[in-house]
Amino acid sequence: MISTTTSTTEMVTQGKIQISSPDNIEDPSTAKQGCCVWLLFIISLFFVAITFPVSIFMCLKIVKEYERAVIFRLGRISDKKPKGPGLFFVLPCTDTFVKVDLRTISFDIPPQEILTKDSVTVSVDGVVYFRIHCPISAVANVSNAHSSTRLLAQTTLRNVLGTKNLAELLSDREGISHSMQESLDDATDPWGIKVERVEIKDVKLPKDLQRAMAAEAEATREARAKVIAAEGEMNASRALKEASLVIAESPSALQLRYLQTLNTIAAEKNSTIIFPLPLDLLQPFIQRK
């Protein structure tokens, strides 16, 4: 007895005891259920053979090009590969099947009230495009694949936008859509669903925030306009300074400038007459004062 206990302890220490996994243990009920399945299958075939001319219309089913059929035989999936497109055979008494549409499906995400990272409340909606790429997973792993994807899209929209600032939300819609698509695709992959595209449709801001942003943009534009006007005046003053230096070097240039100004005024057909008065004539009066 002591030796047996000692050997068992040594085997546990060395890791030599192998415990059988549940998959390797044969369940007697499974074997009995397999016998019942075969028995019912043979009986169903017998009835089909007896009522052959009529039963053929109940056994042959058709699925379209964009559909697949998942067949259940006595509650279990009979084949790992879905049937279709075209004709396939089912037993009326033991087999049932579920049709799955493989076309791309789109749905709108209802407007969601979301609090951004910088504590701004916005209303965002979007659209999602998805399709089923594994019919068996879409039928066996989730009760309603379409409804589950819609609910998950709403939650994902809230989670993704909750980590973004308002500026990122307004300027980086493409990046947000790509992030949502990856999150949805990873979450719905066990359901046999492939999310092809996610788009942000509209971002609605509160009225007060819209007015504040408009006032901020208007003030920015006004400040920019004042800066441009000031730069223009500075450039104009520099040009006038250079022109005055050129005219000071030649007094006759000032007279030519007077004549050019008169020519410009006369071209506009005005009744105003301007006589230029040289400042040199006023110098004696200024000196007397």
Side-chain angles (χ1 to χ4, degrees), residues 66-68 70 77 82 98-231:
Y66 54 84
E67 293 178 338
R68 296 295 183 270
V70 180
I77 297 177
V98 179
K99 288 185 180 180
V100 179
D101 196 336
L102 302 183
R103 293 177 293 181
T104 299
I105 301 172
S106 63
F107 65 89
D108 293 329
I109 302 177
Q112 303 292 314
E113 294 289 338
I114 299 170
L115 185 65
T116 60
K117 190 176 181 180
D118 49 356
S119 301
V120 178
T121 303
V122 295
S123 178
V124 184
D125 59 353
V127 60
V128 178
Y129 299 87
F130 72 96
R131 62 179 175 85
I132 296 176
H133 70 89
C134 182
I136 294 178
S137 299
V139 172
N141 294 347
V142 61
S143 61
N144 192 334
H146 296 175
S147 178
S148 300
T149 304
R150 287 185 173 88
L151 296 176
L152 184 61
Q154 298 178 19
T155 307
T156 304
L157 180 64
R158 289 175 176 270
N159 294 339
V160 172
L161 296 185
T163 61
K164 304 293 182 180
N165 296 326
L166 180 61
E168 296 175 351
L169 178 59
L170 296 176
S171 61
D172 191 19
R173 292 192 180 186
E174 184 177 354
I176 294 174
S177 300
H178 185 66
S179 177
M180 282 189 59
Q181 178 183 352
E182 290 182 349
S183 300
L184 279 175
D185 198 15
D186 293 340
T188 57
D189 186 65
W191 302 342
I193 292 177
K194 172 66 177 176
V195 179
E196 296 181 342
R197 192 176 183 87
V198 179
E199 292 292 340
I200 302 298
K201 291 175 60 178
D202 190 17
V203 179
K204 296 180 180 180
L205 303 176
K207 296 295 183 182
D208 297 339
L209 182 59
Q210 292 181 12
R211 286 193 292 267
M213 294 179 66
E216 181 183 0
E218 185 178 359
T220 303
R221 288 193 297 268
E222 289 179 356
R224 192 177 303 167
K226 290 180 179 179
V227 171
I228 294 173
E231 291 178 353

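All figures in this text were calculated on a predicted structure; none of them were measured in a lab.
Distance check, rounded to the nearest 0.5 Å: CZ of F130 to CZ of R150 gives 6.0 Å. How far CD of Q181 is from NZ of K194: 6.5 Å, rounded to the nearest 0.5 Å. Separating the CD1 atom in I132 from the CD1 atom in I193 is a distance of 5.5 Å, to the nearest 0.5 Å. The structure places CG of L152 at 11.0 Å from CG of L157, a figure rounded to the nearest 0.5 Å. Rounded to the nearest 0.5 angstrom, R197 CZ and M180 CE are separated by 13.0 Å. Rounding to the nearest 0.5 Å places CG of N165 at 4.5 Å from CG of D118.
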When the side chains of residues 102-112 are checked against the rest of the protein, which donor-acceptor pairs come out under 3.5 Å, sequence neighbours left out?
{"from": "R103", "atom 1": "NE", "to": "D101", "atom 2": "OD1", "distance (Å)": "3.2"}
{"from": "R103", "atom 1": "NE", "to": "D101", "atom 2": "OD2", "distance (Å)": "3.2"}
{"from": "R103", "atom 1": "NH2", "to": "D101", "atom 2": "OD2", "distance (Å)": "2.9"}
{"from": "T104", "atom 1": "OG1", "to": "E196", "atom 2": "OE1", "distance (Å)": "3.2"}
{"from": "Q112", "atom 1": "OE1", "to": "R158", "atom 2": "NE", "distance (Å)": "2.9"}
{"from": "Q112", "atom 1": "OE1", "to": "R158", "atom 2": "NH2", "distance (Å)": "3.0"}
{"from": "Q112", "atom 1": "NE2", "to": "P110", "atom 2": "O", "distance (Å)": "3.0"}

Distance-only criterion, 3.5 Å: show the donor-acceptor pairs between side-chain atoms of residues 137-149 and protein atoms not counting sequence neighbours.
{"from": "N141", "atom 1": "ND2", "to": "P190", "atom 2": "O", "distance (Å)": "2.8"}
{"from": "N144", "atom 1": "OD1", "to": "H146", "atom 2": "N", "distance (Å)": "3.4"}
{"from": "N144", "atom 1": "OD1", "to": "S147", "atom 2": "N", "distance (Å)": "3.3"}
{"from": "S148", "atom 1": "OG", "to": "N144", "atom 2": "O", "distance (Å)": "2.8"}
{"from": "T149", "atom 1": "OG1", "to": "A145", "atom 2": "O", "distance (Å)": "2.7"}

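Here the side chain of S119 pairs no donor or acceptor atom with the backbone of L115 at under 3.5 angstrom.
V122 and V124 make their closest contact through CG2-CG2, 3.8 Å (heavy atoms, listed as atom of the first residue, atom of the second, distance). When all heavy atoms of P82 and V70 are compared, the pair lying nearest together is CB-CG2, 4.5 Å. Of all non-hydrogen atoms in K117 and T163, the two that sit nearest each other are CD-O, 3.7 Å.
Put simply, the side chain of K164 does not reach to within 4.5 Å of the side chain of T116, judged on heavy atoms. Considering only heavy atoms from C-beta on, E168 stays 4.5 Å or farther from I176 through its side chain.
Heavy atoms from other residues, nucleotides or ligands lying under 6.0 Å from NE2 of H133 number more than 12.
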Under the side-chain hydrogen bond (donor to acceptor under 3.5 Å, both in side chains) criterion, do E182 and H178 qualify, and how do the steps go?
CA-CA 6 Å; E182 290 182 349; H178 185 66; 2.8 Å; yes
Please assess L166 against L205 for the test side chain to side chain contact (heavy atoms under 4.5 Å, CB included), listing each intermediate value before the final yes or no.
CA-CA 10 Å; L166 180 61; L205 303 176; 3.7 Å; yes
